[in-house]
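What follows is a set of notes on a single structure, which appears directly below.
Throughout, a chain's letter reflects where its sequence line sits, starting with A, and its residues are numbered from 1.
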Amino acid sequence: MRFNSLAFLAFLPLFAAGYWLASGRVRLWFMLVASLFFYAWWDWRFVFLLLFSSVADFALGILLENEQEDRRRHRLIALSIAVNLGLLGFFKYFNFFVASAADLCRSLGLPASERTLHIVLPVGISFYVFKTMSYTIDVYRRTEKAERDLLRFTTFVVFFPELVAGPIVRASRMLPQLRRDHRFRFEQMVSGLTLVASGYVRKVAIADSIAPLVDIRFAHPEAHNALSLLLGVYLYAFQIYCDFSGYSSIAIGLARIFGFDFGINFDRPYFSRSFSEFWTRWHISLSSWLRDYLYIPLGGNRGGRWATIRNLFITMLLGGLWHGASWTFVAWGALHGIYLVAQRLLAPIWNRVTGALRIPALASNAFLVFLIFHLTCLAWIFFRASSFANAWQVLSGIISVHGPQLAGIDNRGRIVKCTLMVAIMLAFEAVAFLPKQRKAVFATTEGEKVTVSAHPLEASPALRLVFIAACIWVVLIFGSFSGNNFIYFQF
Amino acid sequence: MAGRRRALIWFAALLALVCAGDRILAWALDQVLVRSQFRFSRLYRGGNDAGIVILGDSRGVHSFYQPEIEKLTGLRTFNLSYNSMSTRIAEAVLRDYLDHNRAPRLVVIEATCTIPEGALAGELRTYASFSPRLAALYAEGHPDGALMGRLFHLFSLNSEFYLEALHYWNQSDQDWINRSTMPASLRTEPPGGWAQPRPENVEALNRIVTLLRQRGIEVRLVIAPYWPVPVNMPAIANAIDVSVRRADPQLHVLNYAGAVSDPEEFADRVHLNERGSVALLEILQRDGVFAIHPPAPR
């Protein structure tokens, strides 16, 4: 079930009614059944895969905690990783590896038959596999206690807001929240609805309006001039940002309505002044996962300059591959790896130059934001392109600077509309950079304080009321109701 | 309980605010729509006094360059054609034109009749409040959208049509024409067949012809140029010709599919550019297609 479907608009109030009427274990059962129904709406057969993954890691978690002998614990964690990566490898990468191996054989002059299978990619598998895998690794590291309640653990894995496209909420954050019975809180509901409303604006009004403009440029790059293709790349940068941050915002907002704190997943990434900053602002739950479960275990920055560079590069390559079974995603990851490595090597020189020339911090930061955004856009070309040939067509079309006239650009009205909406969104984001307004604190059901990113316009329920109404008007007048899928569903 | 009561009041306030804002904003945006120089806004505002009206899809837009027709004939001309407009939609638009404006003396129709219904139907909601005909056509293909439009008036203004109306707020859209030439890649493709006329469009064309005859308005059915001419074009023209003669035995489809043969005069294989349109219009003028015969003496 998609968040932007009529079915979901019917599902949500029913879920809310059931959730607030139930309590204790009845509520957990209700959450589990409703979440499985949400998932089964897409394809009921893959519910069993989801349950298998949950039960396997639940059992392995308990075994890992009970086991004292190191060698057996190594085997158990290896088994957990093998099960999780095996599922991911089969459903997501089998055909990719077979086709790549066949290509390699052919290029070496060896005979190769390409026997691929017709495999349907289960929605959300990349997200829930990473979630359950991080749980068993945490139990193995003894930083997390094994969950002994199968109902609670399965509910943690399948809870619908984050099930199909994240954020990847780890067990250490979610399981303690599932152990408590959340009471209805008006402030949390309004705060959550605000996030949901802004998420819908990003997805339905901005990302889905941009989508056809980008699709046509990447489908027929030869029919567009340099300026038109460049616009297409800029628009894609905001399409994917609004699509995914919109989904995250809806997911986090829904969870907050029901008393759960998922943290944040995006924090104005296109205002980043470095690539390391970008990766602390973009898909935060994935980048922190890769840091904690891949980069640091590889050695992180502990082994000297070249080892750090190698670790960074491997992490980004695999991060790219996580997004999809295609070499273009690997190229995207590799580009980001190169950016991070280059930044490490060049940052000291940059600091010396700006210091010696006494370039004001504002000018230096503005230049860096501009540079990082454009290099990110360059990488997005590979992320969006259907093949390397397609990426090259787009790139060469831009570089050729052939016919950079406005007259050659189709759909100018729609481009103006999308650009205006993106500009308004960025202005809203920029306001949150004002001092003393970046964070807001609200109380959870248990009375503890939670700090969340907030906007000055969200200061009171009355202002939020106006904000949500404005979001609904924007969606009504600018929204695209063609039922586009979220881009990250395919990952 | 206090929190839930507060939430109920808050939701009621949100609903009231959303509905009030929807009506007020939609009213304000409607004022922009009706004052625009976009062809459909002009149609429903009324007061047009054109001698010649052009009807068709994108081939009607780019084959019949309105300023050139006015120059050649000396008659005020109004091009009602629009990209992807099926003949069924064109029928509704023409009937609305005749309801709101002075009847023209001649209607020229680009008669290829191959556009399916769905392509433009979604856009009709913007003018549905002005036209029960367009409202019915929209509701037929988009029942959910029609319901949504009744609930939230802003939704009806969420369309490409509205963006066009904004774009042509204070400038005429009647000089809209392709100004590019056909890309080299298209010129090397071999000629192929073209889609057969759709039966529902041909039926609508017959109804248009009957209506215009009843109102004493002259009508010409023209097949505009292709490059190259599709191999099955004689059969297509003949099928339309046979069909319209059921409505008017005197009427013939005027097949100008091969009238322009220089690829430099096309923007793509089915659309002329400005130069091609001027060339075609000169041929049509020479052939008397725009000639208006005085009423026969009684």
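- Residue contact with chain B, scored on non-hydrogen atoms closer than 4.5 Å, involves the side chain of A/Ile472 exclusively.
- Going from atom CG of B/Leu166 over to atom NZ of A/Lys417 covers 11.0 Å, rounded to the nearest 0.5 Å.
- The line from CD1 of A/Ile477 to CG of B/Leu154 is 5.0 Å long, rounded to the nearest 0.5 Å.
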**OP:** Would you check, one step at a time, whether the test side-chain contact (heavy atoms from CB on, under 4.5 Å) holds for B/Leu163 with A/Val416?
**Re:** CA-CA 10 Å; B/Leu163 290 178; A/Val416 169; over 6 Å; no

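- Residue-environment remark: CG (A/Leu14) exceeds the threshold of 12 foreign heavy atoms within 6.0 Å.
- For CZ of B/Arg23, the number of neighbouring non-hydrogen atoms (other residues, nucleotides, ligands) closer than 6.0 Å is greater than 12.
- To the nearest 0.5 angstrom, B/Ile24 atom CD1 is 8.0 Å from A/Trp473 atom CH2.
- Atom CG of B/Leu17 and atom CG of A/Leu465 lie 5.5 Å apart (nearest 0.5 Å).
- For the set B/Phe152, B/Phe155, B/Trp10, the count of heavy-atom pairs under 4.5 angstrom toward chain A peaks at B/Trp10.
- Between A/Glu187 and B/Arg6 a salt bridge is recorded (basic side-chain N to carboxylate O distance below 4.0 Å).
- Of all the listed residues (B/Asp22, B/Leu157, B/Leu29), the one sharing the greatest number of non-hydrogen pairs under 4.5 Å with chain A is B/Asp22.
- Rounded to the nearest 0.5 angstrom, B/Arg4 CZ and A/Met189 CE are separated by 11.5 Å.
- Interatomic distance, A/Leu193 CG to B/Phe11 CZ, rounded to the nearest 0.5 Å: 5.0 Å.
- Of the two parts of B/Glu164, neither the backbone nor the side chain holds a non-hydrogen atom closer than 4.5 Å to a non-hydrogen atom of chain A.
- Considering only heavy atoms from C-beta on, B/Leu14 comes within 4.5 Å of A/Ile468 through its side chain.
- The local environment of CH2 in B/Trp169 is crowded, with over 12 non-hydrogen atoms from other residues, nucleotides or ligands closer than 6.0 Å.
- The minimum heavy-atom distance linking B/Asn158 with A/Gly479 is given by the pair ND2-O, 2.6 Å.
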